[in-house]
Amino acid sequence: MTEPRIYLSPPDVTDVERKLLLEAFDSNWVAPVGPDLDAFEARCAELVGVRHAVALSSGTAALHLALIAAGVRRGDTVLAPSFTFAATANAVMYLGARPVFLDSTPKSWNVDPEILADELRGRAVRGQLPRAVITVDMYGQCADYGPILDACDRYGVPLIEDAAEALGATYRGRPAGSFGLAGVLSFNGNKIVTTGGGGMLVTDDDSVAKQVRHLSTQAREPVAHYEHRTVGYNYRLSNLLAAVGRGQLQRLPRMIEARKATFDHYRAALGDLPGVGFLPVADYGVPNWWLTCLLIDADKFGATRDQILAGLQRADIEGRPTWKPMHLQPAYQDCVMRGGTVSAGLFHRGLCLPSGSALTGHDRERVVAAVRSVAAGQKG
Ligand SMILES: *Cc1c(COP(=O)(O)O)cnc(C)c1O
């Protein structure tokens, strides 16, 4: 009997979400407006600890509108980490602005606050401050917001927090998504909370919330005829998907616990292997444990990261390399990069293990056995 494939981070949906979805369907709020959308927004704002949440069709759409709200325009510069998913940088390009990429710190794999502060200082001297800074809370762990906010505040540069991977994480007790002028959440199928595709912009700023809501609904003026003073977008989330999201949020604490248990299991079962490191957990916060990531020292482990991925594949288990940094992407080869050896090293040596919140004990054992057999195979 062959065992079913184990996916990296599949959707974890239950009767709770199913019931809410069908209730929304039966209510005929089958549109990008309705009570589930309102309730989903209210709950997200509450979780993130901000006044406003605007539900959107994707995290990428939320990034796009967040950058517009921060005043980013054609020809502007935006600082962003290189080690991220492409959506972070793509949103900058949509506006005709240019990202300048910054290296990561090995302490959390997030943007290195010293490189960020240094870049802002140098740009202030040259009179070339960026229009905005984007941080990313990588793999469910917050960036180091103490020094990051100090630097941004000193030069008056707005911060956009890409918390697409980090809903439920905290930094010194404060929720991910709450640190910038605006925060971005994603509900893509592989994220900790999914609506089957969707996103959210969260903010404490009344005018940002108002502007983003307006732009996300085609910038239609509140008059009977169709009046538009600016170019808008069709970026609202469907009420049906918001109903799924409401169910997911009810289950979020349990889903975070499950991912944490998976991280603990992998660490206990693989941490003794030579050459195996884990994404470090910084003492300033609590992650949401979205994905468990390893860093492989091939010399000590006796096999490369890619050989481990191949071993997982043979056991019908989905593993993945860590994000390929933007400064190594053909699409971004012309962009400026500050540093780069840390993020390049994370990419060449890092991998993500299956971490879905519905992963069973048996699944975890299969993953551990597959990784251990690669180690044993290379030695034997
Ligand atoms: C998933 C993700 C996004 C994009 O979210 P979508 O909802 O897929 O558009 C943006 N940034 C990061 C870091 C992500 O992981």
Side-chain angles (χ1 to χ4, degrees), residues 59-60 62-138 141-166 171 176-177 179-184 201 203 208 323-329 331-344 346-347:
T60 308
L63 278 163
H64 187 183
L65 297 186
L67 289 169
I68 293 176
V72 174
R73 272 170 277 154
R74 181 165 297 282
D76 285 344
T77 298
V78 175
L79 306 189
S82 180
F83 190 65
T84 184
F85 177 54
T88 313
N90 289 348
V92 176
M93 299 298 277
Y94 296 165
L95 292 167
R98 298 294 277 177
V100 164
F101 295 119
L102 310 175
D103 208 357
S104 300
T105 164
K107 288 182 202 161
S108 71
W109 302 7
N110 285 306
V111 71
D112 187 324
E114 283 176 28
I115 296 178
L116 172 65
D118 199 59
E119 181 66 13
L120 285 172
R121 197 179 309 121
R123 287 184 165 269
V125 169
R126 303 198 300 277
Q128 293 175 350
L129 280 173
R131 187 71 65 184
V133 169
I134 309 178
T135 53
V136 181
D137 301 328
M138 191 47 58
Q141 175 166 243
C142 285
D144 193 355
Y145 285 107
I148 289 171
L149 284 171
D150 278 352
C152 289
D153 290 349
R154 184 170 312 132
Y155 302 106
V157 178
L159 175 73
I160 303 298
E161 182 185 359
D162 181 347
E165 302 175 1
Y171 174 85
F179 289 93
L181 175 70
V184 167
L201 183 139
T203 182
V208 167
W323 300 124
K324 181 173 184 178
M326 292 306 112
H327 73 283
L328 303 178
Q329 301 284 1
Y332 288 98
Q333 63 188 4
D334 297 335
C335 291
V336 175
M337 173 70 193
R338 299 294 174 209
T341 52
V342 174
S343 52
L346 296 175
F347 167 57

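Keep in mind that what you see is a predicted model, and the values were worked out from it rather than measured.
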Within this structure, what is the [atom1]-[atom2] distance for the pair [X] and [Y], rounded to the nearest 0.5 Å?
X	Y	atom1	atom2	value
Leu116	Arg121	CG	CZ	10.0 Å
Phe85	Asn90	CZ	CG	7.5 Å
His64	Tyr94	NE2	OH	8.0 Å
Arg98	Asp76	CZ	CG	12.5 Å
Ser108	Asp137	OG	CG	9.0 Å
Phe179	Leu159	CZ	CG	9.5 Å

Closest contact, heavy atoms only, [X] versus [Y]:
X	Y	answer
Leu201	Ala62	CD1-O, 3.6 Å
Leu181	Ala70	CD2-CA, 3.9 Å
Pro130	Val157	O-CG1, 3.7 Å
Met93	Pro99	SD-CD, 3.6 Å
Ala87	Leu63	O-CD1, 3.7 Å
Leu129	Tyr155	CD1-O, 3.7 Å

Under 3.5 Å: donor-acceptor pair, side chain of [X], backbone of [Y]:
X	Y	result
Asp112	Asp103	no
Gln329	Lys324	yes
Tyr171	Gly146	yes
Arg123	Gln128	yes
Ser82	His327	yes
Asn110	Met138	yes

Min side-chain heavy-atom separation [X]-[Y] under 4.5 Å:
X	Y	result
Lys107	Asp144	no
Val100	Glu119	yes
Ser343	Leu102	no
Thr105	Glu114	no
Phe101	Pro325	no
Val92	Ile134	yes

Plane angle bin for Trp109 and Phe83 - parallel if under 30°, tilted between 30 and 60°, otherwise perpendicular: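 Perpendicular.
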Thr88 and Val184: CA distance, side-chain angles, deciding distance, side-chain contact (heavy atoms from CB on, under 4.5 Å) verdict: CA-CA 10 Å; Thr88 313; Val184 167; over 6 Å; no
Crowding at CZ, Arg74 (>12 non-hydrogen neighbours, <6.0 Å): no
Tyr145 and Thr135: side chain donor to acceptor below 3.5 Å: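 Yes - a donor-acceptor pair under 3.5 Å links their side chains.
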